[in-house]
Structure formats: C-alpha cells, structure tokens
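To start, the structure under review is shown below, and the notes come after it.
Throughout, numbering of the chain's residues begins at 1 and tracks the sequence.
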Amino acid sequence: MWTDAQLYDAFSSAPDAAADFLAFIAPCGGLLIDVGCGTGPLCAPTQARGFRWCGLESDPGRFQRAREVAVRHGTTARPCGFEELEHEQ
C-alpha cells in the first residue's frame with residue numbers, strides 16, 4: 001500500500017515548469033520559502049536555477065521525505081503546522 005507521501009510524489013505536477021516560472025518572476029539567488037512544500041519536489045529544480053530553497057511542511061510523512069530531499073541537496077526542510085504561523089489581522 002502506498003503512503004500519502006508516495007502518492008503525492010507520484011501525482012505531483014511539473015516542478016521544472018514551476019521553477020522556470022519562479023525564475024522568470026523573481027530574481028535568482030534569493031531565498032525561496034516553500035510553504036506547504038509537500039515532499040520537496042521544488043527543491044532541486046529551484047536550486048538549479050539559483051534559488052536557496054527552504055521547505056515548510058505540516059504533514060509528518062511528507063515532511064520526512066522533504067527533509068531527505070533537502071539533505072541530498074544541501075539545504076533544509078522544517079516541520080511547520082500552519083497554526084504556528086503568525087497571522088496579521
């Protein structure tokens with residue numbers, strides 16, 4: 001049986017196209033904070049385009065895979081529940 005994280009990876013959309021779009025609209029070399037990063041599919045393609053990537057994910061299974069991806073690419077992923085983020089009213 002597949003885990004939620006494996007299904008997410010199997011059916012995630014085109015991360016290279018997303019990274020190309022980000023490189024088009026934002027200056028490369030900046031920090032990209034990927035909120036709700038899932039299993040980290042944007043990590044490698046955004047870093048290849050000059051971004052520094054940091055992923056935030058609340059789901060434990062997806063976070064574990066994102067952390068593994070981040071370590072392979074020399075960056076970080078952090079567990080973060082959305083309720084932990086500050087909200088301005």
Side-chain angles (χ1 to χ4, degrees):
M1 175 141 198
W2 286 20
T3 66
D4 182 56
Q6 289 170 322
L7 287 171
Y8 180 90
D9 279 346
F11 295 106
S12 64
S13 58
D16 285 317
D20 286 341
F21 177 72
L22 290 169
F24 176 74
I25 65 169
C28 291
L31 174 63
L32 175 68
I33 300 175
D34 189 354
V35 178
C37 70
T39 58
L42 288 176
C43 178
T46 54
Q47 290 212 147
R49 288 157 180 82
F51 291 98
R52 292 173 294 131
W53 182 90
C54 177
L56 303 177
E57 179 56 51
S58 62
D59 178 78
R62 291 179 186 177
F63 164 71
Q64 180 61 35
R65 290 180 63 98
R67 184 169 63 179
E68 292 166 4
V69 168
V71 167
R72 281 196 309 269
H73 295 283
T75 189
T76 60
R78 298 187 175 131
C80 179
F82 296 109
E83 66 279 352
E84 296 169 17
L85 298 175
E86 289 187 37
H87 295 83
E88 292 187 28
Q89 299 288 327

Applying salt bridge (charged side-chain N to carboxylate O under 4.0 Å, His left out), which residue pairs with at least one partner in residues 23-35 are found, sequence neighbours left out?
->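 Qualifying pairs, neighbours excluded: none.
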Closest approach of [X] and [Y], non-hydrogen atoms and distance?
{"X": "Ala70", "Y": "Trp53", "value": "CB-CZ3, 3.9 Å"}
{"X": "Phe51", "Y": "Leu22", "value": "CZ-O, 3.6 Å"}
{"X": "Cys37", "Y": "Pro41", "value": "O-CD, 3.4 Å"}
{"X": "Arg62", "Y": "Glu57", "value": "CB-CG, 3.8 Å"}

Output all residues satisfying side chain to side chain donor-acceptor pair (under 3.5 Å) with Glu68, sequence neighbours left out; order by chain, then residue number.
->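 Side chain to side chain donor-acceptor pair (under 3.5 Å) check on Glu68 returns Gln64.
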Listed partners of Ala44 passing side-chain contact (heavy atoms from CB on, under 4.5 Å), at least two apart |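 Applying side-chain contact (heavy atoms from CB on, under 4.5 Å) to Ala44 gives His73.
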How far apart are the C-alpha atoms of Val69 and Thr39, what are their side-chain angles, what is the distance that settles it, and do they pass the side chain to side chain contact (heavy atoms under 4.5 Å, CB included) test?
-> CA-CA 8 Å; Val69 168; Thr39 58; 5.9 Å; no
Pick from Asp16, Thr75, Asp20, Leu32: which one makes a side chain to side chain contact (heavy atoms under 4.5 Å, CB included) with Thr46?
->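 Going through Asp16, Thr75, Asp20, Leu32 one by one, the side chain to side chain contact (heavy atoms under 4.5 Å, CB included) with Thr46 is satisfied by Leu32 alone.
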Does the Arg49 side chain pair with the main chain of Pro45, one donor and one acceptor, at a distance under 3.5 Å?
->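 Checking the backbone N and O of Pro45 against the side chain of Arg49, a donor-acceptor pair under 3.5 Å is found.
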hydrophobic_cluster_shared for Leu42 and Leu31, side chain cutoff 4.5 Å |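 Unlinked, Leu31 and Leu42 end up in two clusters.
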